There are 2 protein chains.
Amino acid sequence: MSVRKKLRDSAQSDALCLEEFLPYRFSVLTNRISRHLAKAYEKQFGITIPEWRVIANLARFAPMTASDVADKSSMDKVKVSRAISRLLKAGLIARDTDVTDKRRGQLRLSKAGEDVFEEIAPLALGWEADLLAPLSGEERRTLNDIMNKIQTVLDDAGA
Amino acid sequence: MSVRKKLRDSAQSDALCLEEFLPYRFSVLTNRISRHLAKAYEKQFGITIPEWRVIANLARFAPMTASDVADKSSMDKVKVSRAISRLLKAGLIARDTDVTDKRRGQLRLSKAGEDVFEEIAPLALGWEADLLAPLSGEERRTLNDIMNKIQTVLDDAGA
DNA sequence: GGACATTAGTTTCAGATGAAACTATTAACT
DNA sequence: AGTTAATAGTTTCATCTGAAACTAATGTCC
């Protein structure tokens, strides 16, 4: 048996099987969830996920700047800037230039934006509840721990 | 107090907090992992994640058609088609038209493709091991159960 | 055999994406 | 004050994306 063949066999038995490969599984699962939610946000409220993230952050932390939103939402500033510009055009948020620093814009939800948030929030929590429905309390706690631990690995890896 | 205000207060206390919202957490975590791996695949082997998925599937299941790859890899046929065309151009895979059905192309890794797979596979398993390192055996089993359960929810929801 | 539907795979088109360049403003240093 | 560096946010550009249209081959029904 050739060295090459041996190597391949060992790689195969050490089993890099895509279906069991964690990054792949995370990716497939997350994309399914995101696509599902994106469709619902778009269909029922005409907004995208980045826009929804801006709204959800403003609902909790307004007034805040675009940079604040970018930090809080794990989105880059380009995506945030575009989401903000669409939301301004749609009248769901308002922006006041910061008096003490004219580079900054202080953002907040408009009345219409608050209405949208109040409509979406319970739906979103319902979808989350559906996803978690088959999990025991113990499993939910473990999932939380696991995600925190993996986040820490990524933080430490500078990723 | 207005009905509207009451509603808003209740929404806030029922706490849709983005940082704790499961779809958001999955999305952030997965994107970090994917970006990290994509950078490594690109830098070290000059391939993208879709291309890597095609390679990993062919390594295990060749010969298979583009449709087979699409099914196995949870990628749409457009993405698969593009990955295949790049891999053909790079000489990492080969395609023979199926004699019994000339629409189909039977795909397999070339020698160079096998070499790439054998180089990447142990690295990929190493990265996975790094992610899982802080988890106990119990937690790993639970994570597996959890992902299966959530997948089932999505299957049942037709998502 | 010929009309119609289906399937495999590619191409097109209309956005979405993000790195890098850019503008406007503020901060820091001399 | 004046020059330089840093920051907030936008725009550009080259690439990625996926739905829909398309081509080519096969299957189905009469």
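The model shown is predicted, which means the values in this text are computed figures rather than measured ones. Throughout, protein chains are lettered first and strands after them, A, B, ... in sequence-line order, and every chain is numbered starting at 1.
- Salt-bridge annotation for A:Glu51 and A:Arg86: present, with a side-chain N of the basic residue lying under 4.0 Å from a carboxylate O of the acidic one.
- B:Asp76 has no carboxylate O lying under 4.0 Å from a charged side-chain N of B:Lys79, or vice versa, which leaves the two without a salt bridge.
- Salt bridge absent: A:Asp96 and A:Arg104 never bring a charged side-chain N and a carboxylate O closer than 4.0 Å.
- Heavy atoms of A:Thr65 sit under 4.0 angstrom from primed sugar atoms or phosphate atoms, though from no base atom.
- Here the C1' atom of nucleotide D:dC16 and the OH atom of B:Tyr41 are 19 Å apart, to the nearest Å.
- Side-chain atoms of A:Ser27 and B:Arg53 include a donor-acceptor pair closer than 3.5 Å.
- Electrostatic pairing of A:Asp98 and A:Arg103 does not count as a salt bridge here, judged by no charged N lying under 4.0 Å from a carboxylate O.
- Electrostatic pairing of A:Glu42 and A:Lys39 does not count as a salt bridge here, judged by no charged N lying under 4.0 Å from a carboxylate O.
- A nucleotide of DNA chain C counts as in contact with chain B when one of its atoms lies under 4.0 Å from a heavy atom; the first and last such, 5' to 3', are C:dT6 to C:dG18.
- Ion pairing of A:Glu139 with B:Lys149 is present here, as a side-chain N (NZ or NE/NH1/NH2) and a carboxylate O approach within less than 4.0 Å.
- A salt bridge does not link B:Lys72 to B:Asp68: none of the charged nitrogens lies less than 4.0 Å from a carboxylate oxygen.
- Checked against the 6.0 Å centroid criterion, the rings of A:Tyr41 and A:Trp127 qualify as a close aromatic pair.
- Within residues 74-81 of chain B, the residues having any heavy atom under 4.0 Å from DNA chain D are, by residue number, B:Asp76, B:Val78, B:Lys79.
- Of the residues in residues 25-37 of chain B, those placing a heavy atom less than 4.0 Å from an atom of DNA chain C are B:Arg35, in numerical order.
- Scanning for side-chain contact (heavy atoms from CB on, under 4.5 Å) contacts around A:Glu119 gives A:Phe45, with sequence neighbours left out.
- Evaluation of atom-type donor-acceptor distances gives no pair under 3.5 Å for the side chain of A:Arg82 against the base of D:dG9.
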Between the protein and nucleotides 1-3 of chain D, which nitrogen or oxygen pairs come in under 3.5 angstrom?
none

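- For DNA chain C, the residues of residues 94-105 of chain B within the heavy-atom distance limit of 4.0 Å (strictly under) are B:Arg95, B:Arg103, B:Arg104, B:Gly105, sorted by number.
- Salt bridge annotation for B:Arg32-A:Asp155: present, with a cationic side-chain nitrogen under 4.0 angstrom from a carboxylate oxygen.
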